[in-house]
Each structure stands twice: as C-alpha cells, then as structure tokens.
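Numbers restart at 1 for each chain; the letters A, B, ... are given by sequence-line order, proteins then strands.
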Amino acid sequence: MKVVSNTASLDVRLSVMCGQVFRWRELPDGRLLGADGDNWWLVTFVDDAFVVEGNGDSVDWGRYFRADEDWPAHASTVRRLAPELAPYMDVLPGLRLLRPSDAVEETFSFLCTSNNHLSRISGMVGALAGYGPTLASVEGYEVHRFPTVERISDIPESELRQKGFGYRAATIPVAARQIVERGGKAWLDGLKETDYPQARLELLQLSGVGPKLADCICLFALDHTEAVPVDTHVWQAATRLYFPELAGTSLTEKRYRQVGDHFRDKLGDLAGWAHQFLFYENLLNWRRR
DNA sequence: TAGGGACCTGCC
DNA sequence: GCAGGTCCCT
C-alpha cells in the first residue's frame with residue numbers, strides 16, 4: 001500500500017522514536033523503517049507531508065496511530081484541565097499515543113528497558129526480534145516479525161547473556177514461560193478486556209515486571225490509556241510541578257500511586273497520553289537541569 | 001513504609 | 001557514575 005498524508009496533528013518521527021515502541025530505525029537518508037506485529041512500514045518525508053509504504057493498509061496504519069480519535073480535541077482538553085502541561089505540549093507537537101498491534105512485542109520490549117538507556121534498548125529489542133520470522137527485506141534491511149512467547153520461552157539464558165542482555169537474560173525467558181503457563185498471547189490479549197487495576201495486578205506477578213513496567217504494558221500494549229508509568233523522568237517532572245516537597249526523595253510505592261492518581265484524577269483516560277509529554281521532555285532536557 | 005544495594009553493559 | 005527498574009533486605 002501507499003498512503004500520502006500531511007495530518008498536522010501527527011508527527012510520525014516523534015511518535016515512533018519517543019520510547020513507546022522500539023522497532024523503528026532511521027535510515028541514512030532520513031526515511032523511517034519500522035515494524036509492528038505483522039506489518040512493516042517505510043515512511044518518506046516530503047516537505048510537511050509524508051508517504052507511507054508497507055505491507056499493511058490504511059486501516060492498519062490508522063489503528064497504530066489511533067486515527068479514529070480526535071487529537072486536536074484531546075489537546076484542547078488537556079490544556080484546559082492541566083494548563084501546566086501546555087509548555088511541554090508546545091515543544092512536542094504531534095506526539096500521539098500509539099496502539100501497537102502485538103501485546104507480546106510490547107511486553108518483551110519493555111522487559112528490556114529496566115535500568116537501561118534508549119540506544120541499548122533498541123539493540124536488545126532488535127536482537128529479540130531476530131528470533132522471529134522475516135517479514136520482508138526492505139532497502140537492504142531484514143525486517144522481522146517479533147517472535148511468539150513460546151519461541152522466547154525457549155531461548156537459553158546463556159544465549160541472551162552472550163548477546164549483551166545482562167541480567168535481563170534471566171528474567172525474559174522466565175517471564176515468557178509464566179505467560180505461556182497462563183495461556184500465552186491469548187491471556188495477555190485478554191487483559192485488554194479486564195479493567196486497568198486488575199490487569200496491572202496480574203502483570204505484577206511476572207518476573208522482572210514491577211510497577212513501572214506493568215504500567216507501560218497496560219498503556220502501550222493493552223490500551224489502558226489511564227495508566228501512568230512513573231519512571232525517574234516522570235518522577236522528576238512530577239515533583240517539580242506538583243509535589244515540590246518530595247523533590248529528591250526516593251520513589252516509593254505510595255508516592256508512585258500518588259503521581260498516577262494525580263494524573264488520573266485530572267485527566268482520566270487522557271492521563272497516559274498527557275504524561276508522555278512530561279516524560280519525553282524531561283528525557284531530552286534532564287542533563288541541562 | 002522508607003531507604004539502600006546489587007544487578008549487566010555501555011556511554012557521558 | 002549513571003541509565004525510562006526490579007528485587008531483596010533492613
């Protein structure tokens with residue numbers, strides 16, 4: 001398929017590179033090559049528009065970028081209910097909440113993120129993707145479909161160690177086995193239908209999944225858009241904006257809940273999208289603060 | 001419930 | 001030293 005678009009409310013590059021998904025790479029000429037579930041995409045930018053090529057159709061593309069939602073209206077709502085976030089939205093216009101199609105892909109991507117930085121995370125997620133079948137060969141790059149939980153559960157820890165996964169080499173296959181025991185991908189997908197608190201509780205039982213990862217999986221993989229993953233960046237921003245008396249203290253379970261509830265009380269189902277502006281702005285600028 | 005340290009590896 | 005944490009221990 002080929003789609004041409006100049007949707008002003010969508011910045012493709014920002015949305016796929018800000019850490020919601022980890023399957024995109026920027027080609028030397030500036031084009032973007034990405035994978036999501038069964039799909040691969042090649043995005044070319046021309047002036048203020050972009051052209052999309054890939055094996056999916058406009059429905060797949062639209063689902064991924066939540067084209068069914070009124071983003072300008074969302075932005076107005078957040079600016080009205082949380083005006084203190086406006087400066088952060090101003091510097092990151094067009095950032096959308098994505099809806100990745102494969103919960104397994106997102107779950108194991110986030111298992112690579114603990115105590116880690118973006119460049120290494122992408123490499124590790126790419127290494128995991130290498131265990132899946134080839135989707136296509138595009139511009140000389142092999143694009144893989146992310147492997148199944150069953151395949152991941154079979155990977156020896158030693159092999160992942162060798163590939164540089166560090167201590168995550170131990171938790172990743174174990175978490176895969178735990179998911180397989182519960183029913184595999186169907187179980188994970190089923191958590192989309194349970195409510196957010198319950199889904200979060202179930203995810204917390206998995207090895208290597210703590211409060212922050214559970215919320216990432218809820219938000220990005222399970223469509224629980226009220227989830228607010230509180231990491232070091234969101235914690236810094238939240239203490240700066242809302243809880244100055246807590247600045248510099250450690251992020252305990254109680255404080256973690258305080259931050260998430262604060263966003264949910266204010267913004268409801270828009271909390272997960274809104275928090276993303278604080279997260280990414282702080283990630284880009286924390287060294288200067 | 002809060003605080004502290006270990007854990008892999010790589011980059012500032 | 002410190003990364004988009006988790007787990008285990010006072």
**Request:** Return no unless some side-chain N or O of A:H117 is found under 4.0 Å from OP1 or OP2 of B:dC11.
**Result:** no
**Asked** Between B:dT1 atom P and A:Q258 atom CD, what is the distance in whole Å?
**Response** 12 Å
**Prompt:** If you pin A:N116 and A:L206 to their nearest nucleotides in DNA chain C, which one's is more 5'?
**Reply:** A:N116
**Request:** Send over the distance from A:I172 CD1 to C:dG5 P, rounded to a whole Å.
**Result:** 15 Å
**Request:** Would you indicate which nucleotide in B:dG3, C:dG4, B:dC7 comes nearest to any side-chain atom of A:L118?
**Result:** C:dG4
**Request:** Searching all strands shown, indicate the nucleotide that pairs with C:dC9 (Watson-Crick or G-U wobble; both distances under 3.5 Å).
**Result:** B:dG3
**Request:** Between A:L204 and A:C18, just flag the one whose closest nucleotide in DNA chain C comes earlier from the 5' side.
**Result:** A:C18
**Prompt:** In whole Å, what is the span from the CD atom of A:Q178 to the C1' atom of C:dC7?
**Reply:** 14 Å
**Centroid-centroid under 6.0 Å between A:F110 and A:F220 rings** = yes
**Request:** Please check the phosphate of B:dC11 (OP1 and OP2 only) for any side-chain N or O of A:R120 closer than 4.0 Å.
**Result:** no
**Prompt:** Shortest non-hydrogen contact from A:V21 to A:Y64?
**Reply:** CG2-OH, 3.5 Å
**Request:** Among A:V16, A:L128, A:L118, find the residue that satisfies the side chain to side chain contact (heavy atoms under 4.5 Å, CB included) test when tested with A:F22.
**Result:** A:L118
**Prompt:** Looking across every strand, which nucleic acid part, if any, lies under 4.0 Å from A:P211 by heavy atom: base, sugar-phosphate, or nothing?
**Reply:** sugar-phosphate
**Request:** Taking atom P in both B:dC8 and C:dC9, compute the distance separating them and give it to the nearest angstrom.
**Result:** 16 Å
**Asked** Once you round it to whole Å, what is the distance between C1' of C:dG1 and CG of A:N115?
**Response** 12 Å
**Asked** A:R161 has a side chain; which of B:dC11, C:dG4, B:dC8 sits nearest to it?
**Response** B:dC8
**Item:** Integer-rounded Å distance: C:dG4 P and A:I217 CD1
**Value:** 18 Å
**Nearest-Å distance once atom P is located in both C:dG5 and B:dT1** = 22 Å
**Request:** Indicate, yes or no, whether a donor-acceptor pair under 3.5 Å links the base of B:dC7 to the side chain of A:R168.
**Result:** no
**Message:** Check this for me: does the side-chain of A:K212 come within 3.5 Å of the base of C:dG4 through a donor and an acceptor?
**Reply:** yes
**Prompt:** Is a donor-acceptor contact shorter than 3.5 angstrom present between the side chain of A:Y256 and the base of C:dG5?
**Reply:** no
**Item:** Distance, C1' atom - from C:dG4 to B:dA2, rounded to whole angstrom
**Value:** 23 Å
**Asked** Is A:S114 near enough to C:dT6 that one of its side-chain N or O atoms lies under 4.0 angstrom from OP1 or OP2?
**Response** no
**Euclidean distance, atom CE of residue A:M124 to atom P of B:dC11 [Å, nearest integer]** = 13 Å
**Message:** Please name the nucleotide paired to B:dC8 by Watson-Crick or G-U wobble geometry with both distances under 3.5 Å, or report none.
**Reply:** none
**Message:** Could you tell me how far apart A:L251 (CG) and B:dT1 (P) are, to the nearest whole angstrom?
**Reply:** 14 Å
**Message:** Without decimals, in angstroms, what is the distance between A:R257 CZ and B:dA2 C1'?
**Reply:** 18 Å
**Request:** May I ask you to evaluate whether A:T113 reaches the phosphate of C:dG4, defined as a side-chain N or O under 4.0 Å from OP1 or OP2?
**Result:** no
**Request:** Give one of base, sugar-phosphate or nothing for A:C112, where a contact means two heavy atoms less than 4.0 Å apart.
**Result:** nothing
**Asked** Between A:Y280 and A:H233, is the gap from one ring center to the other below 6.0 Å?
**Response** no
**Prompt:** Can you find a side-chain donor-acceptor pair between A:E157 and A:Y167 that sits under 3.5 Å?
**Reply:** no
**Asked** Does the gap between the ring centers of A:W24 and A:W40 come in under 6.0 Å?
**Response** no
**Prompt:** Base, sugar-phosphate alone, or nothing: which one does A:V209 contact when heavy atoms must sit under 4.0 Å apart?
**Reply:** sugar-phosphate
**Message:** Assess whether a salt bridge exists between A:R23 and A:D36, defined as any Lys/Arg side-chain N lying under 4.0 Å from an Asp/Glu carboxylate O.
**Reply:** no
**Asked** Under 4.0 angstrom, heavy atoms only, what part of the nucleic acid is A:L213 near: base, sugar-phosphate, or nothing?
**Response** sugar-phosphate
